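What follows is a short report on a single structure.
Every chain is numbered from 1 and lettered A, B, ... according to where its sequence line falls, protein lines coming before strand lines. Keep in mind the model is a prediction, meaning the values are calculated, not measured.
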2 protein chains.
Amino acid sequence: MNPIENISQQFAAHKYKLTRQREAIVQVLLDNEKEHLSVEEVYMLVKNSYPHLGLATVYRTLELLSELHIVEKMNFGDGVARYDLRDDTHAHMHHHMICHVCGRLEEIKDDWLLDLEKRLEREYGFTVTDHRLDFKGTYGTCKHTGCKRDKEKKAV
Amino acid sequence: MNPIENISQQFAAHKYKLTRQREAIVQVLLDNEKEHLSVEEVYMLVKNSYPHLGLATVYRTLELLSELHIVEKMNFGDGVARYDLRDDTHAHMHHHMICHVCGRLEEIKDDWLLDLEKRLEREYGFTVTDHRLDFKGTYGTCKHTGCKRDKEKKAV
DNA sequence: GCTCATATCGTAACGATTACTATTTAAGGG
DNA sequence: CCCTTAAATAGTAATCGTTACGATATGAGC
């Protein structure tokens with residue numbers, strides 16, 4: 001089943017309409033599934049295929065997609081919410097590496113946490129439905145570039 | 001070494017002054033180290049010991065403490081930044097369980113990720129300096145309380 | 001085609017955060 | 001001690017991401 005069809009069904013299942021606007025937004029997400037787009041970025045991109053679309057609609061649609069678990073809403077501390085299309089088969093395989101130096105953000109699709117989730121269930125009676133794992137650090141190739149201690153450096 | 005002394009040294013080491021305002025804020029964090037306080041909450045609490053303190057100072061101080069890695073700035077998606085005092089010995093042992101139903105937030109201080117971090121180093125040449133691991137789900141004791149599918153339910 | 005709930009549009013309002021200016025404070029040298 | 005000077009604070013205005021709102025448009029079912 002193609003992704004749009006799949007999403008269309010999920011909309012229907014919850015009695016939401018897949019309007020042209022929503023479809024245009026979903027298409028942007030599909031075309032950029034490697035990215036973690038902000039609302040503003042989605043807004044810019046969707047203007048290409050649907051120039052008239054309003055910003056509020058982008059906010060509403062992304063929020064809706066998030067509720068339907070079609071996208072994941074996340075926050076990397078840069079002051080804007082970012083959204084990432086999630087693949088059902090990778091629901092629990094969504095980790096990030098964020099480099100202090102170059103700012104690169106790489107995604108790891110591997111399930112490393114199943115054992116831990118079982119342990120939470122066992123030890124705390126807590127059933128995990130989702131998780132978020134972000135690693136911060138530096139790539140070997142970035143290490144030479146000074147340290148990040150002083151904010152003044154950044155300011156200059 | 002007591003915590004304030006320790007923090008005082010870190011300030012000095014970076015040529016920052018530990019003013020009375022900053023000390024009052026740090027004390028609030030120490031007194032509430034189990035909590036994940038928002039700026040507004042810190043502001044309210046610190047008013048008890050330092051009534052005249054301004055909100056901007058709380059923002060600036062928490063930002064500074066975050067740069068010095070004395071606190072960790074985090075975001076749980078509720079629209080406000082939250083800060084948590086971090087214990088050096090627990091730098092890598094800071095996970096959360098967040099319950100969908102009751103909203104409870106529990107902290108787990110156990111290092112579950114050392115092996116994964118070694119693997120990142122090996123496979124990606126990525127040196128981890130910090131990580132964040134949040135589990136979302138439900139506690140067994142909360143399960144009976146309806147499902148979260150419909151936003152309308154929440155709105156009512 | 002008509003009806004009515006749903007969705008969109010554009011913009012105003014909101015709330016968290018940051019930026020700015022004047023004032024105060026603390027540390028070091030006479 | 002007092003003076004100087006850089007750093008810190010206070011109070012508030014400005015900014016910016018996000019949400020709320022009223023009016024208009026759309027589309028599925030009859």
Side-chain angles (χ1 to χ4, degrees), chain A residues 7-26 28 36-44 46-47 49-68 71 73-83 150-152 154-156, chain B residues 7-26 28 36-44 46-47 49-68 71 73-83 150-152 154-156:
Chain A
I7 289 169
S8 172
Q9 288 194 1
Q10 289 188 250
F11 268 71
H14 292 86
K15 306 255 191 288
Y16 291 119
K17 298 171 190 168
L18 184 55
T19 62
R20 276 171 296 141
Q21 288 94 332
R22 286 173 178 176
E23 191 168 340
I25 290 168
V26 168
V28 163
H36 298 72
L37 299 175
S38 67
V39 172
E40 206 68 32
E41 286 163 352
V42 172
Y43 181 58
M44 291 313 190
V46 83
K47 286 258 166 189
S49 54
Y50 202 107
H52 195 57
L53 197 140
L55 179 60
T57 301
V58 180
Y59 272 100
R60 260 181 284 108
T61 301
L62 288 173
E63 197 58 35
L64 178 60
L65 289 169
S66 177
E67 279 166 25
L68 295 177
V71 302
K73 182 177 184 176
M74 55 189 80
N75 194 305
F76 293 113
D78 60 352
V80 296
R82 294 184 175 276
Y83 296 84
D150 300 303
K151 63 176 174 182
E152 276 73 24
K154 285 182 201 161
V156 171
Chain B
I7 290 169
S8 172
Q9 288 195 0
Q10 290 188 250
F11 267 72
H14 294 270
K15 307 251 191 290
Y16 292 119
K17 297 170 188 166
L18 185 56
T19 61
R20 275 172 298 142
Q21 287 94 332
R22 287 173 176 174
E23 192 169 339
I25 290 168
V26 168
V28 163
H36 298 73
L37 299 174
S38 68
V39 172
E40 206 68 31
E41 286 164 352
V42 172
Y43 180 58
M44 292 312 191
V46 84
K47 286 258 167 189
S49 55
Y50 202 107
H52 195 57
L53 197 139
L55 179 59
T57 300
V58 180
Y59 272 99
R60 262 181 283 107
T61 301
L62 288 173
E63 198 56 37
L64 178 60
L65 289 169
S66 177
E67 278 165 25
L68 295 177
V71 301
K73 182 177 183 175
M74 56 189 79
N75 193 307
F76 294 113
D78 60 351
V80 295
R82 294 184 175 278
Y83 296 84
D150 300 302
K151 64 173 173 183
E152 277 72 23
K154 287 183 201 160
V156 171

By nearest atom, which of the nucleotides C:dC9, D:dT18, D:dT9 is closest to the B:Arg22 side chain?
D:dT9
Rounded to whole Å, CG of B:Leu62 lies from P of D:dT9 at a distance of 12 Å
Any side-chain N or O of A:His52 less than 4.0 Å from the OP1 or OP2 oxygen of C:dT8?
no
Name of the residue among B:Glu40, B:Lys47, B:Glu41 meeting side-chain hydrogen bond (donor to acceptor under 3.5 Å, both in side chains) with B:Tyr43
B:Lys47
Measure the distance from OH on A:Tyr50 to P on C:dA7 and round it to the nearest whole Å.
14 Å
Interatomic distance where CG belongs to B:Leu18 and P belongs to D:dA7 [whole Å]
17 Å
To the nearest 0.5 Å, tell me how far A:Ser38 OG sits from A:Asp78 CG.
8.0 Å
The test is side-chain contact (heavy atoms from CB on, under 4.5 Å); show your working for B:Tyr83 and B:Leu37 and say whether it passes.
CA-CA 6 Å; B:Tyr83 296 84; B:Leu37 299 174; 5.9 Å; no
When A:Gly79 and B:Val58 are each assigned the nearest nucleotide of DNA chain D, the 5'-most assignment goes to B:Val58
I'd like to know if the side chain of A:Arg22 and the backbone of A:Lys17 have a donor-acceptor N/O pair within less than 3.5 Å.
yes
Separation of C:dT6 P from A:Lys15 NZ (nearest whole Å)
11 Å
Check the distance between D:dA20's P and A:Glu63's CD and give it to me in whole angstrom.
10 Å
Just by protein heavy atoms under 4.0 Å, how would nucleotides 21-30 of chain D read 5' to 3' in B, S and -?
------S---
On DNA chain C, nearest-nucleotide positions of B:Ala81 versus A:Leu55: which is more 5'?
A:Leu55
Quick one: is C:dT17 close enough that its OP1 or OP2 comes under 4.0 Å of any side-chain N or O from B:Tyr59?
yes
When rounded to whole Å, the OH to C1' distance for the pair B:Tyr43 and C:dG15 reads 15 Å
Name the closest nucleotide to the A:Gln21 side chain, picking from D:dT9, D:dT18, C:dT8.
C:dT8
Locate the shortest heavy-atom distance separating B:Gln10 from B:Leu68; write the atom from each residue and the value.
NE2-O, 3.6 Å
Please report, rounded to the nearest Å, how far the P atom of D:dG17 is from the CG atom of A:Leu37.
15 Å
I need the CZ-P distance between B:Phe76 and C:dA16, as an integer number of Å.
17 Å
Show the atom names and distances, to 0.1 Å, of all donor-acceptor pairs under 3.5 Å that link a side chain in residues 58-66 of chain A to residues at least two apart or in another chain.
from	atom 1	to	atom 2	distance (Å)
A:Thr61	OG1	A:Thr57	O	2.7
A:Glu63	OE1	A:Lys73	NZ	3.2

B:Thr57 side chain, from C-beta outward: closest of C:dT17, C:dC9, D:dA10
D:dA10
For residues A:Glu23 and A:Tyr50, determine if any side-chain heavy atom of one lies less than 4.5 Å from a side-chain heavy atom of the other.
no
Closest to the A:Leu53 side chain, choosing from C:dC9, D:dT19, D:dG11:
C:dC9
